[in-house]
Amino acid sequence: MASPSPEPVVELKSEAAASRRIPWPIFALGAVALLLLGLIGFGREVMEGDVAELDRAIMLAMRVPGHPQQPLGPHWLPSAVRDVTALGSSTVLTMVVLVTAAFLALKGRFRSAVLVIAATTLGALAVTLVKVLIARARPDLVQQLMQEASSSFPSGHAANSAIVYLTLATLLFPVVRGWRMRGFVLAVAMLLVGLIGISRVYLGVHWPSDVLAGWAFGSCWALLWWGVELRMFRKS
């Protein structure tokens with residue numbers, strides 16, 4: 001007499017295991033939604049609350065006292081700061097992303113290349129959406145040292161540079177060997193992000209709170225996609 005087939009038991013165990021799996025995509029979507037909601041709420045608060053006073057104090061500290069049209073430092077510094085801020089422009093960031101994606105593809109890491117493009121593109125779209133929803137005006141407290149047309153909150157340069165450089169630093173970890181090299185890559189990425197954000201305030205085109213919000217959003221976005229990559233590697 002043939003013994004009963006174990007297939008139904010195996011299927012039940014498989015279904016039970018599947019039901020216990022954490023739905024990370026849903027959690028990720030919820031986390032992004034909460035992050036955007038918090039960012040929007042913070043943006044509206046800084047337009048009305050005490051943060052605005054701190055914004056003004058920090059911005060005036062970067063100008064000659066009594067002369068808000070004149071930035072601190074030697075005559076060549078504004079030009080150098082504009083060079084730094086260009087490292088966070090959409091043109092430069094797009095080139096960095098494409099070159100990195102091509103490098104990863106040539107190394108045979110097609111999944112990482114796709115993640116780089118997806119993370120940076122979706123992040124830039126999210127920043128643009130928040131800018132439209134908040135619609136905060138650019139600073140008029142000091143003379144702007146370069147022209148900008150979009151809304152002020154959050155700083156696109158600060159957010160997108162954090163998204164791109166920090167995401168690339170974390171996604172390059174599998175390629176870069178050794179904790180010293182990985183630490184160096186991450187330190188360089190953080191230095192670039194920090195300098196780009198400070199340059200926006202020095203040039204008078206963003207309030208400090210715009211930059212802080214951009215840093216916060218970009219850092220959280222980079223960490224989110226680092227988690228996505230870890231999840232994918234565990235499955236492979």
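One finds the CE atom of Met62 at 6.5 Å from the CD1 atom of Ile198 (value rounded to the nearest 0.5 Å). Distance check: Leu141 CG to Ile58 CD1 gives 12.0 Å after rounding to the nearest 0.5 Å. One finds the CG atom of Leu129 at 4.5 Å from the CG atom of Leu133 (value rounded to the nearest 0.5 Å). Rounding to the nearest 0.5 angstrom, the gap separating the CG atom in Leu115 from the OG1 atom in Thr167 is 10.0 Å. Once rounded to the nearest 0.5 Å, the distance linking CE of Met190 with CG of Leu166 reads 7.0 Å. Taking SG of Cys220 as the start and CH2 of Trp215 as the end, the distance is 14.5 Å to the nearest 0.5 Å.
For the residue pair Ser150/Arg138, the side-chain donor-acceptor check at 3.5 Å is satisfied.
Hydrophobic clustering keeps Leu122 apart from Leu98 (ILVMFWY residues linked when any side-chain heavy atoms are closer than 4.5 Å, directly or through intermediates). Phe110 is not connected to Phe103 by any chain of hydrophobic side-chain contacts under 4.5 Å among Ile, Leu, Val, Met, Phe, Trp and Tyr, and they are in different clusters. No chain of hydrophobic side-chain contacts below 4.5 Å, direct or via other Ile, Leu, Val, Met, Phe, Trp or Tyr residues, connects Met95 to Val84. Connection of Val96 to Val99 is not established within any shared hydrophobic cluster, with ILVMFWY side chains joined at heavy-atom distances below 4.5 Å, either directly or through further cluster members. Note on Leu104 and Met181: same hydrophobic cluster, where clusters join Ile, Leu, Val, Met, Phe, Trp and Tyr whose side-chain heavy atoms are under 4.5 Å apart, directly or indirectly.
For the pair Val142 and Gly204, the tightest heavy-atom approach, listed with the atom from each and the gap, is CG2-CA, 4.0 Å. Between Ile196 and Thr85, the closest heavy-atom pair is O-OG1, 4.3 Å. When all heavy atoms of Ala162 and Val193 are compared, the closest pair comes out as CA-CG2, 3.6 Å. Across all non-hydrogen atoms, the minimal contact from Ser152 to Trp207 is OG-CD1, 4.1 Å. When all heavy atoms of Ile163 and Gly218 are compared, the closest pair comes out as CG1-CA, 3.6 Å. His206 and Pro139 get closest at one heavy-atom pair: C-CG, 3.5 Å.
Taking the side chain as every heavy atom from C-beta outward, Gln144 and Gln69 never approach each other to under 4.5 Å. Between Leu72 and Arg63 the shortest side-chain heavy-atom distance does not fall below 4.5 Å. At a threshold of 4.5 Å between non-hydrogen side-chain atoms, the residues Trp221 and Val127 do not count as touching. Inter-residue side-chain proximity for Ile134 and Ser151 is flagged as unmet; no heavy-atom pair is nearer than 4.5 Å. Inter-residue side-chain proximity for Pro68 and Gln143 is flagged as unmet; no heavy-atom pair is nearer than 4.5 Å. Counting heavy atoms from C-beta outward, Met146 and Val205 have side chains that approach closer than 4.5 Å. Between Val81 and Pro78 there is no side-chain heavy-atom pair separated by less than 4.5 Å.
With Thr120 contributing its side chain and Ile117 its backbone, the two residues share a donor-acceptor pair below 3.5 Å. No donor-acceptor distance shorter than 3.5 angstrom exists from the side chain of Ser219 to the backbone of Ala216, with no hydrogens or angles considered.
Ion pairing of Arg136 with Asp210 is present here, as a side-chain N (NZ or NE/NH1/NH2) and a carboxylate O approach within less than 4.0 Å.
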Exercise for the section: I would like to know whether Tyr165 and Leu87 meet side-chain contact (heavy atoms from CB on, under 4.5 Å); could you show each step before the answer? Expected result: CA-CA 10 Å; Tyr165 292 125; Leu87 297 174; 4.1 Å; yes
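Listed by chain and number, the residues in a side chain to side chain contact (heavy atoms under 4.5 Å, CB included) with Gln70 are Val64, His67 (sequence neighbours excluded).
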